Amino acid sequence: MEQHMMDELLKKASVLVEALPYIQRFNRKIIVVKYGGSAMIDDQLKRSVIEDVTLLKLVGFKPIIVHGGGKEISRWVEKSGMEPKFVSGLRVTDEPTMEIAEMVLNKVNKSLVQLVEQLGVLAVGISGKDGGMLKAVKKYADGADIGFVGEVEKVNPKILYDLLEKDFLPIVAPIGMDSEGNTYNINADDAACAIARTVSAEKLAFLTDIEGVYKDPEDKSTLISELTISEADTLIGSGYIGGGMLPKLNNCIDAIKNGVSRVHILDGRIAHCLLLEIFTNKGIGTAIIGDKETKYYHGGK
């Protein structure tokens, strides 16, 4: 065998060896993946994400996918002759828009089920309405009524536990109901955090359109690989964190404080970003951890 071919094979072997302790540590542990952004639109990226999650399942993890669909919803709202409206970053969701949102999210949901099953893993697509999983209450945007937009009041995880126990991969659309049977569109980040807290997930991973958390958003060299919740609080207090990252980081802090071991913010535009973050010593995004957790540099993840 030629030397360069042998070198390539040895590199592959070293990657597998590096992944081994993480496979051992997280075997049979729940990981929640919030799937959104460009990775939902680009077909190649979509396949790489699904391949990652499928691999996690096959090596012993218990993944749950929670997906968004905002860009696709906006496209269908425009197709229907309506104009998408937002208040403080939240979609104004009247009754016709809610009907479109539910239709689109269910369509996205089943397309993800199809991709997973093509790779040989059984998946079940559900919405938060199924099994009364996501109980929602009406959400307001700075006091303004924005229609059928909800926030999670309570998670009933029974259907998730049942599916995981039967070896299915649950794929969740972020739609909930209130006590009167009204349907609400829920921010996928919020839904993923609420689910991760309730099932005490070992990991919660957000796939986004940025590389991670920056100390200075204007300077790409200031990407932070690891962040304790105390450091995250300090960063937020410094005023550097704004826009869509602020609620995401607050969600991360809340998840850690409520039992999730680690939260990862990843650039979903990078193929196989989940595997690179979870199975390599350093990772590629930002990991948010508890103040007493071991950092990568000290041999843990």
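Keep in mind it's a predicted model, so treat the numbers as computed, not measured.
A 4.5 Å side-chain heavy-atom check between I224 and L227 finds at least one atom pair inside the cut-off. Between L105 and I175, the closest side-chain pair of non-hydrogen atoms falls below 4.5 Å.
For the residue pair T97/D94, the side-chain donor-acceptor check at 3.5 Å is satisfied. No side-chain N or O of T208 forms a donor-acceptor pair with one of R269 less than 3.5 Å apart. Under 3.5 Å, the side chains of N258 and D254 contain a donor-acceptor pair of N or O atoms.
No more than 12 heavy atoms of other residues, nucleotides or ligands sit less than 6.0 Å from atom NZ of K215.
The heavy-atom pair separating G147 from D145 by the smallest distance is N-OD1, 2.9 Å.
A side chain to side chain donor-acceptor pair (under 3.5 Å) check over residues 177-187, counting only residues at least two apart or in different chains, returns the pairs K129-T183, D178-N182, D178-Y184. Listed by first and then second residue, the side chain to side chain donor-acceptor pair (under 3.5 Å) pairs that reach into residues 159-176 are K57-D167, K158-D162, sequence neighbours excluded.
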Could you go through residues 111-124 and list every donor-acceptor pair under 3.5 Å that involves a side-chain atom there, pairing it with any protein atom two or more places apart or in another chain?
residue, atom, partner, partner atom, Å
S111, OG, V108, O, 2.7
E117, OE2, A123, N, 3.2

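Tracing side-chain contacts under 4.5 Å through hydrophobic residues (I, L, V, M, F, W, Y), one reaches M103 starting from M82; they form part of the same cluster.
Note on E72 versus R75: salt bridge recorded, some NZ/NE/NH1/NH2 to OD/OE distance being below 4.0 Å. The pair K248-D209 does not meet the salt-bridge criterion, since no charged nitrogen lies less than 4.0 angstrom from a carboxylate oxygen.
The residue from F26, F61, Y22 that alone fulfils the ring-ring contact (aromatic ring centres under 6.0 Å, His included) condition with F279 is F61.
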